[in-house]
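Worksheet: one structure, shown below.
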Amino acid sequence: MAKRILAPISEGERSEAILPVLLSMAQGAGSTVRLVRVFPVPDSVVDSGGRMVAYGHQEMARLTSEALDDLGRIEAQLEGIPVESVVRFGEPVEEILLEAEAFDADLIALETSARGRLRAALAPGIAERVASRAPVPTLTLREPAGK
């Protein structure tokens, strides 16, 4: 049984379909779940007149705050389970793998949309790339196409 489950959660409700699976697995095993959201490293924000509106570090602070608020809402859905939330910046696959190592995860639980075999082979998505490189087992929940 996995005692430490890492769950990358992207923006949008589609990524929350994995929550019932996490709840069931974590309750049965007494697991801790770490939710992680990864953003690309933001550039500074410049207005149409070329004036600096926000520096990169300010944009990171804003994104972190918004993401932690959103992840807090998701934490509440995992009632009774120890949950931690983390926000990282960088290339998603690399950051997910680094977080799995930092958390000492036993399992990475991801959600992905259904893709044709040819498309997945030619241009694998984040979940497929994490699964192929992860040093721990991965659980990939595939959402049916068109959802």
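Position 1 is the first residue of the sequence, and the numbers go up from there. All values below were derived from every heavy atom in this structure, side-chain atoms included, with hydrogens, water molecules and symmetry-related copies excluded.
In the hydrophobic clustering of this structure, M60 groups with L68; members are Ile, Leu, Val, Met, Phe, Trp, Tyr whose side-chain heavy atoms approach within less than 4.5 Å, directly or through other members. L6 and M25 fall into different hydrophobic clusters, where Ile, Leu, Val, Met, Phe, Trp and Tyr are joined by side-chain heavy atoms under 4.5 Å apart, directly or via other members. Under a hydrophobic-cluster definition in which Ile, Leu, Val, Met, Phe, Trp and Tyr are linked whenever side-chain heavy atoms come within less than 4.5 Å, directly or via other members, L35 and I18 are assigned to the same cluster. Taking hydrophobic clusters as Ile, Leu, Val, Met, Phe, Trp and Tyr residues chained together by side-chain heavy-atom distances below 4.5 Å, V41 does not share a cluster with V38.
Around atom CD of E101, no more than 12 heavy atoms belonging to other residues, nucleotides or ligands sit under 6.0 Å away.
To the nearest 0.5 Å, atom CD1 of residue I74 and atom OG of residue S85 are 8.0 Å apart. Interatomic distance, E59 CD to T64 OG1, rounded to the nearest 0.5 Å: 10.0 Å. Considering OG1 of T140 and CD of E128, their distance stands at 7.0 Å, rounded to 0.5 Å. Note that the CZ atom of R73 and the CD atom of E75 stand 11.0 Å from one another [nearest 0.5 Å]. With values rounded to the nearest 0.5 angstrom, I96 atom CD1 is found 11.0 Å from T138 atom OG1. Put simply, CD on E94 and CG on L98 are 6.5 Å apart, with the number rounded to the nearest 0.5 Å.
The residues R129 and E91 are annotated as salt-bridged, a charged nitrogen and a carboxylate oxygen being separated by less than 4.0 angstrom. Between R4 and E84, none of the side-chain N atoms (NZ, or NE/NH1/NH2) sits under 4.0 Å from a carboxylate O, so this pair counts as no salt bridge. Salt-bridge formation is detected for the pair R34/E99: a Lys NZ or Arg NE/NH1/NH2 atom is positioned less than 4.0 Å from an Asp or Glu carboxylate oxygen.
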Would T32 and F103 count as a side chain to side chain contact (heavy atoms under 4.5 Å, CB included) if you check the C-alpha gap in whole Å, the side-chain angles of each, and the deciding distance to 0.1 Å?
-> CA-CA 10 Å; T32 298; F103 181 52; 4.1 Å; yes

Given the rule in the side chain to side chain contact (heavy atoms under 4.5 Å, CB included) test, do E95 and F89 qualify, once you have shown the distances and angles that lead to the verdict?
-> CA-CA 7 Å; E95 294 302 320; F89 292 89; over 6 Å; no

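Considering only heavy atoms from C-beta on, P82 stays 4.5 Å or farther from V33 through its side chain. Contact check for R88 versus F39: no side-chain heavy atoms found under the 4.5 Å cut-off. A 4.5 Å side-chain heavy-atom check between V130 and L97 finds at least one atom pair inside the cut-off. In this structure, R37 and D70 have side chains that are in contact, with non-hydrogen atoms separated by less than 4.5 Å. Proximity of L23 to I81: side-chain heavy atoms (C-beta onward) are separated by under 4.5 Å at one or more points. Looking at I5 and L22, their side chains come closer than 4.5 Å, going by heavy atoms from C-beta outward. Taking 4.5 Å as the limit, every side-chain heavy atom of V136 sits out of range of all side-chain heavy atoms of L107. With contacts defined as side-chain heavy-atom distances shorter than 4.5 Å, the pair I9/L71 qualifies.
Minimum heavy-atom separation, A2 to A29: O-CB, 3.8 Å. Considering all non-hydrogen atoms of both residues, A109 and P8 come closest at O-CD, 3.3 Å. Heavy atoms only, all atoms of each residue included: G56 and P42 are closest at O-CG, 3.8 Å.
Between the side chain of Q58 and the main chain of Y55, a donor-acceptor pair closer than 3.5 Å is present.
Looking at V21, L110, I108 one by one, the single match for side chain to side chain contact (heavy atoms under 4.5 Å, CB included) with L139 turns out to be V21.
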